[in-house]
Q: 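I'd like to ask you about the structure that follows.
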Amino acid sequence: AAGVIQSPRHLIKEKRETATLKCYPIPRHDTVYWYQQGPGQDPQFLISFYEKMQSDKGSIPDRFSAQQFSDYHSELNMSSLELGDSALYFCASGQRRGRPHYGDEQFFGPGTRLTVL
Amino acid sequence: SQQGEEDPQALSIQEGENATMNCSYKTSINNLQWYRQNSGRGLVHLILIRSNEREKHSGRLRVTLDTSKKSSSLLITASRAADTASYFCATDAGMNTGFQKLVFGTGTRLLVSP
């Protein structure tokens, strides 16, 4: 079965540079979630999109922005990178349309490991 | 503060033994999910249990949910070395919108020795 695709898998950047992470959800999934997992930490919610509109926002720095496109893929743009941005960035997808309001499983991609030097 | 906290933080057992991990949370929920993560890799969805369910099975996995105690447990029976990983519980913080941002627990590191 198709899974969530993230690219790139690894990314090395210098401080103050920018980075763009991409996420391709499972086909027919309409919701995308972004999470950040620091070393030895649990994943923290950043932002989510449903039908190309932002649906919720978590602890996402103002230096970061994201969007979901017409083909449902999503991009997380990170500017003025700091050392503390080094982390695993996960994208998860889910299917909300037509579902009851109990929510549903979120399926995670393999993550992008960002290292800021 | 963490919505979910897991106990124990680390667990070391022998192959064939059972492993039990516990998760506690603070707010009301719609569902609770368990994930496995091998070191530095992706999160693999294991099982979802809804707030109106008390127990759920999937293969060697058994999950229980006690909403009165705001706690859940994950039991892995007849463990294998390949079960070595970190296990996280995640809750949806009870938002009745269908947009369930997940709040993760701190995770349990399970080591299964051959």
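Below, chain A is the first sequence line, B the second, and so on; all start at residue 1.
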Q: Taking heavy atoms only and a threshold strictly under 4.5 Å, list by residue number the residues of residues 109-117 of chain A that touch chain B; give 'none' if the list is empty.
A: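 Those residues of residues 109-117 of chain A which have a heavy atom under 4.5 Å from chain B are A:Gly109, A:Pro110, A:Arg113.
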
Q: Within a radius of less than 6.0 Å around CD of A:Gln54, do more than 12 heavy atoms belonging to other residues, nucleotides or ligands occur?
A: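 Enclosed: over 12 neighbouring heavy atoms sit under 6.0 Å from CD of A:Gln54.
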
Q: For atom CZ of B:Arg60, decide whether the heavy atoms of other residues, nucleotides or ligands shown that lie under 6.0 angstrom number more than 12.
A: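 Atom CZ in B:Arg60 is packed in, count exceeds 12.
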
Q: Under 4.5 Å heavy-atom distance to chain B, tell me which part of A:Gln6 shows up: side chain, backbone, both or neither.
A: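 A:Gln6 has no heavy atom closer than 4.5 Å to chain B.
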
Q: How is the hydrophobic cluster of B:Val44 composed, in terms of its other members, when Ile, Leu, Val, Met, Phe, Trp and Tyr link through side-chain heavy atoms under 4.5 Å apart, directly or indirectly?
A: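 Besides B:Val44, the cluster holds no residue at all.
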
Q: Count I, L, V, M, F, W, Y as connected when their side-chain heavy atoms are under 4.5 Å apart, and connections chain through other members. Are A:Val4 and A:Leu11 then in the same cluster?
A: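 No; A:Leu11 is not reachable from A:Val4 via cluster members.
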
Q: Could you tell me which non-hydrogen atom of B:Gln33 sits nearest to which non-hydrogen atom of A:Gln106, and how far apart they are?
A: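 What the structure gives for the nearest pair is OE1-N, 3.5 Å.
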
Q: Minimum heavy-atom separation for A:Asp42 and B:Gly105, please, with both atom names.
A: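 Smallest heavy-atom distance, with atoms named: CB-O, 3.1 Å.
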
Q: Quick one: CD on A:Glu105 to CG on B:Leu102, what's the gap to the nearest 0.5 Å?
A: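 Answer rounded to 0.5 Å: 10.5 Å.
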
Q: Provide the full list of ring pair (Phe, Tyr, Trp, His ring centres under 6.0 Å) pairs with a residue in residues 6-28 of chain A, sequence neighbours left out, each pair given once.
A: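 For residues 6-28 of chain A, and leaving out neighbouring residues, the ring pair (Phe, Tyr, Trp, His ring centres under 6.0 Å) pairs sorted by first residue read A:Tyr24-A:His73.
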
Q: Do B:Tyr87 and B:Leu11 belong together in a cluster built from hydrophobic side chains that touch within less than 4.5 Å?
A: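 Yes.
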
Q: Determine, using the 4.5 Å side-chain heavy-atom cutoff (strictly less than), whether A:Ile26 and B:Leu43 are members of one ILVMFWY cluster.
A: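 Shared cluster, no.
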
Q: So which atom in B:Gln37 and which in A:Phe90 form the shortest heavy-atom distance, rounded to 0.1 Å?
A: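 For B:Gln37 and A:Phe90, the tightest heavy-atom pair comes out as NE2-CZ, 3.4 Å.
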
Q: Check this for me: A:Asp62, atom CG, are more than 12 non-hydrogen atoms of other residues, nucleotides or ligands nearer than 6.0 Å?
A: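 Open.
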
Q: Applying ring pair (Phe, Tyr, Trp, His ring centres under 6.0 Å) as the test, list every pair that has at least one member in residues 34-55 of chain B; sequence neighbours left out.
A: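 Residue pairs passing ring pair (Phe, Tyr, Trp, His ring centres under 6.0 Å), neighbours aside: A:Phe107-B:His45, A:Phe108-B:Tyr35, B:Tyr35-B:His45, B:Tyr35-B:Phe104.
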
Q: Measuring only between side-chain heavy atoms, which start at C-beta, is A:Trp34 closer than 4.5 Å to B:Lys101?
A: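 Side-chain contact under 4.5 Å: no.
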
